[in-house]
Amino acid sequence: MSEPVAAAPKPKFKPKSMPQKAMEKLGLLRDIDLALHLPLRYEDETRITPIAAAHEGESVQCEGEAIECQVDSRGRRQLLVRIEDNSGELLLRFIHFYPSHLKSMAVGQRLRVRGEVRHGFFGREMVHPQFKAVGEGSALATALTPVYPSSANLPQTYLRKAVAAGLGRADLRELLPAGMLPPQLPPLLDALLFLHHPPPQARLMTLEDHSHPAWQRLKFEELLAQQLSQLQAQRERALLKAPVLRADSNKPGGGLHEQLLAALPFGLTGAQQRVSEEIAQNLNRPQPMHRLLQGDVGSGKTVVAALAATIAIDAGWQCALMAPTEILAEQHFKKLLGWLAPLGLQVAWLTGSVKGKARQKMLAAAASGEAQLVIGTHAVIEDKVKFARLGLVIIDEQHRFGVAQRLALRKKLTPDVEADAEAEIAAEPGAVAAPNLPQPPGLEPHLLMMSATPIPRTLAMTYFADLDVSTIDELPPGRTPIVTKVFADAKRPNVVEKIRDEVAKGAQVYWVCPLIEESETLDLNNATETHAELSAALDGYGVGLLHGRMSSAEKAAVMAQFTAGELSLLVATTVIEVGVDVPNASLMVIEHAERFGLSQLHQLRGRVGRGAVASVCVLLYTGPLSDTGKARLKAMAETNDGFEIARRDLDIRGPGEFMGARQSGAALLRFADLQEDSALLQVARRLAPQLLDQHPHAARRQVERWLGSKAEFLKA
Ligand code: ADP
Ligand code: MG
């Protein structure tokens with residue numbers, strides 16, 4: 001093939017190398033990020049061990065002359081190199097090798113090798129040792145060699161150089177004024193130099209278990225930065241203004257709040273009354289509420305939300321209620337419409353799938369203030385939705401919203417940022433013109449978040465210092481606790497038989513299929529197959545199928561059939577995970593339960609046990625189980641209590657992952673551990689306000705140093 005020869009256009013920017021991209025992914029952007037990228041462990045290249053003195057299983061560095069170097073083709077092809085020092089001989093074995101290896105380890109060459117010593121058939125050997133050709137008497141490392149957390153495209157050698165350079169350039173001046181630092185902790189710069197390049201005599205144990213004072217200093221720094229950023233956020237919020245929302249009980253017939261209470265088919269539990277009162281008091285203040293309402297699945301959070309909405313509406317403001325999935329949003333819409341429409345309220349509905357005229361009508365109703373309550377998915381926070389007077393925002397299953405969505409919401413709720421966004425939209429051709437009734441200037445809506453995944457106290461203290469918490473710690477009366485049974489998958493036929501008996505008695509059943517992360521298609525096949533199998537087994541009964549690939553209308557239709565009792569069994573993927581409320585359903589089977597996270601299992605299980613009927617949850621697993629898999633299933637079988645589940649989840653996974661921080665690509669706390677380092681945490685909590693009051697500049701620098709781009713994320 002002959003192609004016209006043309007000079008390749010010069011790239012405008014130097015393309016990023018693989019290692020550079022890998023570093024970015026690890027969040028190693030600034031010099032300070034590199035300086036704070038601490039070793040996982042160390043290799044000792046500061047000494048040479050005589051070959052004869054190397055013990056089996058020990059990782060050592062030896063040095064000797066190559067006396068044999070050949071490819072052995074009998075059996076598995078491998079490169080065998082034999083070296084010798086004046087104490088003995090050592091065989092190096094390479095199963096993967098390049099021709100260049102033969103040159104660099106040729107007979108007569110002096111080699112320095114590192115690896116684990118084994119006692120093989122031919123005496124001492126190392127498999128795939130690290131090696132380099134050296135001259136006689138070539139210098140040894142003077143410090144331990146750091147091994148950094150890395151990724152596939154980022155070689156240690158590259159990373160080591162980058163970290164050393166970053167460490168040299170970063171501004172590591174002490175920010176804590178003299179006298180504030182706890183006396184047992186070394187200066188920051190000393191601690192960092194030590195941790196990156198410990199002297200040969202350093203005690204590896206204390207370095208690797210992070211109990212060394214240098215490590216303590218770094219953990220303390222991190223905790224302090226985190227406490228400071230929380231405190232800052234809290235103080236910023238205290239300066240904000242919100243409308244004072246008070247229930248109007250002087251109206252003829254009582255306020256909406258009282259009317260709703262009177263119309264409910266049940267009385268509130270003590271816990272529901274208590275949290276409703278906490279919320280009402282909070283709404284009655286001129287600062288925006290920032291409150292988490294936590295309560296186990298089935299504890300009755302929805303009605304508390306509805307009561308809060310009536311207060312806002314009574315006071316002449318609008319309320320928005322958001323749920324993470326369309327199924328849940330629609331269910332809320334129906335329930336709240338049933339409660340509130342009889343009181344004469346205008347309730348509107350908005351999700352991504354509401355399109356065209358209906359959408360325009362809805363947007364206009366929100367913008368004019370005609371829609372008093374708007375219910376939907378995160379479509380409600382999209383830029384183009386404008387409210388006339390938004391007084392209260394309620395987010396259900398708050399933890400299910402992604403970090404990005406939470407940030408978008410925050411932006412939406414922060415007046416100055418919103419003004420910027422508005423300007424942007426106006427500039428965008430074809431954008432919907434902003435309606436002419438803007439949100440009253442300077443007033444932010446109150447925010448109520450709801451979650452069935454409670455935050456353990458230690459986490460609440462550290463991550464959410466900026467959050468008030470109300471807890472529903474009581475279930476509505478008349479519930480029978482769910483019995484949870486764990487079976488190996490081999491018991492599946494017995495389970496199907498049991499389902500047939502139950503269905504014959506009029507019970508309704510959920511069958512949850514596992515999520516196969518890598519493949520939505522596989523996921524779907526699996527659910528479809530199970531659906532076919534169970535339809536055959538339950539001949540004569542309605543068996544439905546619900547999965548994420550269905551349109552919202554299809555999903556809604558299936559849910560409606562199940563709710564109406566037309567279906568006896570519903571095969572579903574995790575789309576039913578949150579909030580779905582069908583009180584008659586009394587049996588749930590979760591297939592491949594070992595693939596689910598603990599809080600997810602608990603959420604799923606919460607779909608049964610919602611009525612007075614005794615409910616059963618069957619967890620089917622396929623072995624072999626990992627230790628954490630075992631711990632999760634055990635926890636499920638032992639307790640129904642969401643708080644206990646959350647506590648165990650924290651134990652099993654650790655706080656970083658617990659918070660869903662993985663979505664952000666970076667754990668919130670890299671080094672400190674809230675439980676292990678609680679003493680340091682106490683000191684950081686005590687010092688944070690002092691530093692912020694007396695040395696605000698240093699406090700800001702401290703936060704920037706540690707959190708950089710993550711500071712935004714922490715606010716979400
Ligand atoms: P969750 O806290 O999981 O969101 P829901 O708000 O969906 O729980 O409530 C679960 C079920 O309990 C619903 O059917 C709801 O109507 C009902 N419920 C809520 N409060 C009470 C109560 N005080 N007495 C009886 N039933 C209640
Ligand atoms: Mg709910």
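We count ligands from 1, going down the list as the structure has it; atoms in each ligand are counted the same way.
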**SB check K505 E502 (cutoff 4.0 Å)** = yes
**Request:** Begin with the C-alpha distance, continue with both residues' side-chain angles, and end with the deciding distance and a verdict on salt bridge (charged side-chain N to carboxylate O under 4.0 Å, His left out) for R648 and E638.
**Result:** CA-CA 11 Å; R648 295 214 197 174; E638 285 176 0; 2.9 Å; yes
**Request:** Ignoring angles and geometry beyond distance, decide whether G298 reaches within less than 3.5 Å of ligand 1 through its nitrogen or oxygen atoms.
**Result:** yes
**Fill in**
Near T302 (heavy-atom distance under 4.0 Å), the atoms of ligand 1 are 4 (O), 5 (P), 6 (O), 7 (O)
**Fill in**
Only residue of N640, T484, D296 satisfying side-chain hydrogen bond (donor to acceptor under 3.5 Å, both in side chains) with H602 is D296
**Message:** Consider side-chain contact (heavy atoms from CB on, under 4.5 Å). Of V512, L619, I482, V509, which one does M588 pass it with?
**Reply:** V512
**Message:** With nothing but distance in play, are any N or O atoms of G300 less than 3.5 Å from an N or O of ligand 1?
**Reply:** yes
**Prompt:** Which ligand 1 atoms are under 4.0 Å away from a heavy-atom of P476?
**Reply:** 20 (N), 21 (C), 22 (C), 24 (N), 25 (C), 26 (N), 27 (C)
**Prompt:** Looking at S299, which atoms of ligand 1 are within less than 4.0 Å of one of its heavy atoms?
**Reply:** 2 (O), 8 (O)
**Asked** Can you list the ligand 1 atoms lying under 4.0 Å from a non-hydrogen atom of V297?
**Response** 3 (O)
**Prompt:** Quick one: which of L373, V374, L321 gives a side-chain contact (heavy atoms from CB on, under 4.5 Å) with V347?
**Reply:** L373
**Note: E594-R632 ion pair, threshold 4.0 Å (strictly below)** = no
**Request:** Within a distance under 4.0 Å of any heavy atom of T269, pick out the atoms of ligand 1 and give their elements.
**Result:** 23 (N)
**Backbone or side-chain N or O of G267 under 3.5 Å from ligand 1 N or O** = yes
**Message:** Is the contact between D296 and ligand 1 made by the side chain, the backbone, both, or neither, using heavy atoms and a 4.0 Å cut-off?
**Reply:** backbone
**Item:** ligand 1-proximal atoms of K335, by part, heavy-atom distance under 4.0 Å
**Value:** side chain
**Asked** Which atom pair, heavy atoms only, marks the closest approach of F562 to L569?
**Response** CE1-C, 4.2 Å
